[in-house]
Amino acid sequence: MTVRMNTDFLKGGIVFFIFLILSGCATVDLSKYEEASKSWEQEIQQLEAKDKAEKDPSNAILFTGSSSIRLWKTIATDMQPYTVIQRGFGGSKFSDLYFYTERIVQPHDFRAVVIFVANDISGSNLDRTPKEVAATFQEIVKKIRQVKPTKPIFLIEITPTNSRWKVWSEIKEANRLLKKACGKFKDVHFIETTAAYLDSTGKPRSDLFIKDQLHQNQEGYKIWTAIIKKRLDEVLK
């Protein structure tokens with residue numbers, strides 16, 4: 001009787017443990033976003049033309065993601081002594097990067113890849129949940145690993161901005177889950193930036209952004225540069 005009760009208890013515990021694991025695994029149906037992602041096809045083709053026309057610098061860091069990467073005009077000089085390959089596109093979301101991962105990553109021989117995407121939660125009715133954001137990022141990591149299995153991956157935290165402050169609680173939760181997602185993979189690193197962009201009252205520093213209060217100005221990029229380079233140094237050197 002005692003043996004049977006212990007066995008039943010053990011089986012029940014295993015089932016419960018498996019349930020906990022499965023319930024904690026976020027999944028996302030990315031197929032529903034594929035059609036929308038096609039809107040970036042022309043920009044991706046322009047990046048591919050750039051790939052053919054330009055020779056990549058040796059031991060470069062590949063920067064990809066949304067408009068804050070694309071608009072970083074001084075990235076080449078800011079990131080020295082690191083050399084860079086700049087491949088940001090539009091106001092892309094994580095799902096857009098997912099569908100174009102191979103075409104952006106495959107052509108390049110790089111030392112590491114740095115990702116920044118900040119448009120999945122903006123206050124619109126098309127927003128994704130924090131869990132969907134983190135789950136999509138994990139799928140991107142898997143895709144990168146398929147074509148570049150040993151390259152370090154860095155993810156820059158989503159920046160707090162005045163233009164999207166009303167949904168900061170959701171963005172903050174997405175950042176928390178993204179950081180947690182990075183910890184599930186070997187050599188995937190989360191770059192924390194939030195504290196540097198908040199003032200003494202805990203609000204976004206308007207002096208670090210251009211008029212739209214979404215994209216960084218040069219002072220903002222200086223802060224980004226210092227944080228990113230420090231993290232690259234810690235991992236790559």
Side-chain angles (χ1 to χ4, degrees), residues 33 36-57 60-80 82-122 128 133 136-137 139-141 143-144 147-148 151-159 161 163-164 171 174-175 178 188-191 193 197 208-210 212-218 220-229 231-232:
Y33 302 126
S37 294
K38 290 179 181 178
S39 65
W40 301 112
E41 177 63 28
Q42 186 174 355
E43 280 201 45
I44 297 301
Q45 289 182 11
Q46 290 172 354
L47 293 180
E48 289 176 324
K50 204 171 183 181
D51 293 342
K52 294 176 181 177
E54 298 178 358
K55 183 179 180 181
D56 291 340
I61 309 298
L62 172 63
F63 282 78
T64 189
S66 52
S67 54
S68 290
I69 299 297
R70 177 176 59 86
L71 296 172
W72 193 351
K73 296 179 181 178
T74 57
I75 187 171
T77 53
D78 288 348
M79 288 305 301
Q80 290 180 358
Y82 293 104
T83 55
V84 302
I85 305 165
Q86 186 179 16
R87 293 297 183 269
F89 62 103
S92 54
K93 299 179 179 180
F94 276 107
S95 54
D96 301 318
L97 182 57
Y98 168 81
F99 287 111
Y100 292 111
T101 294
E102 291 97 333
R103 291 169 66 181
I104 291 173
V105 173
Q106 178 70 54
H108 304 287
D109 183 16
F110 50 83
R111 188 176 180 186
V113 58
V114 176
I115 298 169
F116 177 78
V117 178
N119 298 302
D120 291 73
I121 303 175
S122 63
R128 287 82 191 272
V133 172
T136 306
F137 170 69
E139 294 305 312
I140 292 171
V141 172
K143 274 200 167 187
I144 294 174
V147 294
K148 305 288 183 180
K151 302 298 183 180
I153 299 170
F154 295 82
L155 176 67
I156 305 171
E157 187 171 27
I158 303 171
T159 314
T161 63
S163 64
R164 294 177 179 172
I171 295 173
N175 277 331
L178 286 166
V188 178
H189 310 276
F190 190 71
I191 303 178
T193 61
Y197 287 85
L208 299 180
F209 298 88
I210 63 175
D212 65 8
Q213 286 295 298
L214 176 63
H215 297 97
Q216 299 181 65
N217 59 26
Q218 199 55 44
Y221 277 118
K222 285 180 181 178
I223 291 176
W224 231 26
T225 297
I227 295 172
I228 295 168
K229 286 170 75 170
R231 193 71 180 107
L232 290 177

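Along the sequence shown, the residues carry numbers beginning at 1.
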Criterion side chain to side chain contact (heavy atoms under 4.5 Å, CB included) on F63 and I61, from CA distance to verdict: CA-CA 6 Å; F63 282 78; I61 309 298; 3.6 Å; yes
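For R70, there are no salt bridge (charged side-chain N to carboxylate O under 4.0 Å, His left out) partners at least two apart in sequence or on another chain. By the salt bridge (charged side-chain N to carboxylate O under 4.0 Å, His left out) test, K73 pairs with no residue at all, sequence neighbours left out. Applying the salt bridge (charged side-chain N to carboxylate O under 4.0 Å, His left out) test to D78 and every residue at least two apart in sequence or in another chain returns nothing. Partners of K143 according to the salt bridge (charged side-chain N to carboxylate O under 4.0 Å, His left out) rule, which considers only residues two or more places apart in sequence or in another chain, are E102. For the side-chain contact (heavy atoms from CB on, under 4.5 Å) test, residues two or more places apart in sequence or in another chain that qualify with E139 are L30, Y98, K142. With sequence neighbours excluded, the residues that form a side-chain contact (heavy atoms from CB on, under 4.5 Å) with Q45 are E41, E48, R103.
The closest side-chain donor-acceptor pair between S68 and Q216, if any, does not fall under 3.5 angstrom.
Using a 4.5 Å heavy-atom cutoff, the side chains of D51 and R87 are in contact. At a threshold of 4.5 Å between non-hydrogen side-chain atoms, the residues K151 and D109 count as touching. At a threshold of 4.5 Å between non-hydrogen side-chain atoms, the residues M79 and I228 count as touching. Two residues are said to be in side-chain contact when any heavy atoms from C-beta on lie closer than 4.5 Å; T101 and I144 meet this criterion. The shortest side-chain heavy-atom distance between S95 and R128 falls under the 4.5 Å cut-off. Looking only at side-chain heavy atoms (C-beta outward), L71 and Y221 come within less than 4.5 Å of each other. F137 places a side-chain heavy atom less than 4.5 Å from the side chain of V188. Contact check for V117 versus V133: no side-chain heavy atoms found under the 4.5 Å cut-off.
The closest donor-acceptor contact from the side chain of D56 to the backbone of I85 lies at 3.5 Å or more, if one exists at all. Between the side chain of Q213 and the backbone N or O of S163, no donor-acceptor pair lies under 3.5 Å. When atom types are taken as modelled, the side chain of Q86 and the backbone of W72 share a donor-acceptor pair closer than 3.5 angstrom.
Atom CZ in F89 sits 7.5 Å away from atom OH in Y100 (nearest 0.5 Å). Atom OG of residue S66 and atom CG of residue L97 lie 9.0 Å apart, to the nearest 0.5 angstrom. A distance of 11.5 Å separates CD1 in I156 from CG in N175, rounded to the nearest 0.5 Å. Note that the CG atom of L155 and the CG atom of L178 stand 5.5 Å from one another [nearest 0.5 Å].
F99 has its ring centre no less than 6.0 Å from the ring centre of W40.
The cationic group of K93 does not satisfy the cation-pi geometry with Y33, failing either the under 6.0 Å distance to the six-membered ring centre or the 45° limit from the ring axis.
Taking each heavy atom of R164 and S122 in turn, the nearest pair found is NE-CB, 3.5 Å. Residues A60 and F110 share a closest heavy-atom pair of O-CB, 3.3 Å.
The neighbour count for E54 CD, taken as heavy atoms of other residues, nucleotides or ligands under 6.0 Å away, is above 12.
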